[in-house]
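These notes are about the structure you will find just below.
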Amino acid sequence: MSAYVFHFGGGARNDDPRAKDKTITGGKGANLAEMAGIGLPVPPGFTISTEVCAQYNTAGKQFDADIKAGVAAGLAHIESATGRVFGDAANPLLVSVRSGARVSMPGMMDTVLNLGLNDVTVEGLAADSGDARFAWDSYRRFIQMYSDVVLGVDHHRFEDALEIAKEDNGYYADVEMSAENWQKLVGEYKAIVAEELGRPFPQDVHEQLWGAIGAVFDSWESERAKVYRKLNDIPADWGTAVNVQAMVFGNMGDTSATGVAFTRDPATGEKAYYGEWLVNAQGEDVVAGIRTPQYLTKAARERAGAKPLSMEEAMPQAYAELAAVFELLEKHYRDMQDIEFTVEKNKLWMLQTRSGKRTAKAALKMAVDMVGEGLIDEATAIARVDPMALDQLLHPTLDPQAPRDVLAKGLPASPGAASGAVVFDADTAQARAERGDSVILVRVETSPEDIHGMHAAKGILTARGGMTSHAAVVARGMGRPCVSGASGLSIDMASRKARIGNREVAEGDLITLDGSTGEIMAGEVPMVEPELVGDFATLMVWADKHRRMKVRTNAETPLDCQVARQFGAEGIGLCRTEHMFFEAGRISAVRQMILAEDEAGRRAALAKLLPEQRADFIAIFDVMAGLPVTIRLLDPPLHEFLPHGDAEFEELAEVTGLGVDHLKRRAGELHEFNPMLGHRGCRLGITFPEIYEMQAQAIFEAAVEVALKSGEAVVPEVMIPLVATKKELQILRALVDRVAAQVFADKGKTLDYLVGTMIELPRAALMAGEIAEEGTFFSFGTNDLTQTTLGVSRDDAARFLNPYVDQGIYPRDPFVSLDIEGVGQLVELAAERGRKTRPDIKLGICGEHGGDPASIAFCEKVGLDYVSASPYRVPIARLAAAQAALKA
Ligand code: PEP
Ligand code: MG
């Protein structure tokens, strides 16, 4: 037997641990083996491992003899388990062929159902099932799906032919089609294939099977799969497995059905079975959004006020069996499961189970509930929630007080609120989003080809499709608000207009969606700031218990500081003082300072700035009372503050009494070819010490004032930027100490403070041992450290970094997620050398990477004392730091 083919179901014994390893048999294959192993009813089948995907895609799309023998043995297993024979005229075996990567990629790869039907076996299926209508319906489904997926014939041609057939017969729904109608349509379908391809639809069942297996492996390389992989950081070399499984039929009449279900509500996390099903249908009918499915439970049906019976009411016995399976699966996997099932003539079959995708809100609720139920412990709960998903909850929601002009209502498919301009196709969504517009993608239904538009959109609205439709599943995965199945919506693509309720909406008009209620509103509805309460707060308390690193914030306004404190920031890791220079009322004093001809001129301008800076620091220290606050002295090149355009120069001339020409000449003198490598950072302090003196004075005077006023002082940590040498820090530290001593003497009060440096140049990292002699803390400025180590300008990288990531040169944008391999070495080395000189040196990170979970995990490994992130990332960083500590 091939080492790459694994049997499951039908009594197959499989003790090989690789069979249940997702990296080998993919998520779907591993879980089918697992379910069969715990005695659940799984149709027999076999899985071709993910390793074969890579072999096939690199070996010229060929299968070797070993795989061929493995597939033959797999088929023999299914034949003996079912008592059917593949391609047999009287007793034909039909199979499904499905993809299954290590992680689920909903709708991204291909599936073929009902494989094994041809002009001969269809008769056998009709005779054997006693249902010719079912047999011919299955055959036409197979031709359509196989032709679309494997042969590349556009599915619209088949859909059009079906619509015409229904029209000709005066039918409204597919169920009205008779056996003869389907049989006739099969003839038309075959003619379409022959016309499109110049050859007939394949009748050899083995040719069909190999075609489908190849197509599934090919689909790993499809454009949409590549886009999805990129969005979700899935490596290209993982590959997909292929699952070949005996068909069971949900479309064998009214005692048959098919459905998808979650063991808990994936949108809210509520502990209630949740799902959709359709009588007399195949699985694709539920997920494709073609027929609107029915509710699984009576409670859900009643809550929605829907008429068609729930499965609980219509098929009580199969439902009870299913409910028992839900319980068993949750206990076994200790997690919410997303399930596909089929009922064939009242017999329940399990087709899939996997850990279900969920919204951030649901993830939090389930994690907290399951700890309460004793199903998992706190550490597992912490590991269950994706830190980046919390971002969904850290954004504004609709103001409950604001008036809402509700146009219509659909299903609340993915929570959150979004406002934006209506667009009707994915390309337009992407194009407008790139121009900076907020857009809402409005479609009849979405398909995997729309994925780039869904990602670009702020929200998604569809006319068709249930809560488990493609739009709903993908939107929840991406954290985009989504309203699906809005029956009050119709779209006219020709005029690019829609009717929503009884109002006309043109492309570009503003609407607002509430994905938590399903409401669609005209215009833009005001939003309110998020709060950290309930399950979110509980999980954060657990995270704080388990993390080692502190979490600080990068903030420079009292409002940002307040937000960050509410989100649990334990101090400020970076206060960029230059942002304060830009404020109206002071920029002209800043410009005066920069353009001054000499020290006396600079000092005069700085004297105007001193009270303003002091007031800024007082406001920040008030908010951050009791916590450490790292303040960085001026960093950017001075020309960033210069006037732009004649009007600003004229204004400045008036304030300074200097001529416009004179000012323009001084400004010209400040021009730099490489400002990022120019006169910035501590180089400003070395050349114009009076600037840093003023800032230090403002800091210490503010700290003393707040300490005297409230009794609860902050500990100012004065940070010198862009240091490369010990000498720079030595000179500037002496300056800061001198100013501090002066202020303390003047005010009659002494305070604790620290002086340290950023490590943001490779030389600083290399010389960290020496530099640590002069500073008591290091803060890794990984924005500049990335820029200078890679030799890539942080301001220009966006123009060329994308292709770099696409080609795998860097696994992720190194300005977003730390280049651990390269830049990480410098961080590690600097930490080590710094500690050698000064064992208690305080180490933190304040570049953008301080809010990125993968980078945070690295910081834990290096043993940093804290990470510092922007205010809205603080909860993300708290959770990521806990996960990192628990993994260590
Ligand atoms: C850095 O370089 O990482 C940093 C935090 O400083 P800035 O982004 O202000 O240059
Ligand atoms: Mg920097």
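Whatever order the structure lists them in is the order used to number ligands and atoms, beginning at 1. Keep in mind that the numbers below use all heavy atoms, side chains included, and drop hydrogens, waters and symmetry copies. Quick note: residue numbers are just sequence positions, from 1.
- Listed by chain and residue number, Asp852 satisfy the side-chain hydrogen bond (donor to acceptor under 3.5 Å, both in side chains) test with Ser855 (two or more places apart in sequence, or in another chain).
- Listed by chain and number, the residues in a side-chain hydrogen bond (donor to acceptor under 3.5 Å, both in side chains) with Arg794 are Asp784 (sequence neighbours excluded).
- Taking a cutoff of 4.0 Å between a charged side-chain nitrogen and a carboxylate oxygen, Arg576 and Asp635 do not qualify as a salt bridge.
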Exercise answer, ligand 1 polar atom pairs (N/O) under 3.5 angstrom:
| residue | atom | partner | partner atom | Å |
| --- | --- | --- | --- | --- |
| ligand 1 | 2 (O) | Glu760 | OE1 | 3.0 |
| ligand 1 | 2 (O) | Asp784 | N | 2.9 |
| ligand 1 | 2 (O) | Asp784 | OD2 | 3.0 |
| ligand 1 | 3 (O) | Gly781 | O | 3.3 |
| ligand 1 | 3 (O) | Thr782 | N | 3.0 |
| ligand 1 | 3 (O) | Asn783 | N | 2.6 |
| ligand 1 | 3 (O) | Asn783 | ND2 | 3.2 |
| ligand 1 | 6 (O) | Arg632 | NH1 | 2.9 |
| ligand 1 | 8 (O) | Arg576 | NH2 | 2.8 |
| ligand 1 | 8 (O) | Asn783 | ND2 | 2.9 |
| ligand 1 | 8 (O) | Arg794 | NH2 | 2.7 |
| ligand 1 | 9 (O) | Arg576 | NE | 2.8 |
| ligand 1 | 9 (O) | Arg576 | NH2 | 3.3 |
| ligand 1 | 9 (O) | Arg632 | NH1 | 3.0 |
| ligand 1 | 9 (O) | Arg632 | NH2 | 2.9 |
| ligand 1 | 10 (O) | Asp784 | OD2 | 3.0 |
| ligand 1 | 10 (O) | Arg794 | NH1 | 2.8 |

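- The CG atom of Leu539 sits 9.5 Å away from the CG atom of Asp544 when rounded to the nearest 0.5 Å.
- Between the CZ atom in Arg384 and the CG atom in Leu364 there is a gap of 13.0 Å [rounded to 0.5 Å].
- A salt bridge is defined here as a Lys NZ or Arg NE, NH1 or NH2 lying under 4.0 Å from an Asp or Glu carboxylate O, and Glu717 with Arg552 meets this definition.
- Side chains of Thr788 and Glu760: no donor on one and acceptor on the other come within 3.5 Å.
- Counting only heavy atoms from C-beta outward, the side chains of Pro875 and Leu394 approach each other to under 4.5 Å.
- Within the protein, the N, O or S atoms lying under 2.8 Å from the Mg ion (ligand 2) are Glu760 OE1, Asp784 OD2.
- A donor atom on one side chain and an acceptor atom on the other are found under 3.5 Å apart for His679 and Thr687.
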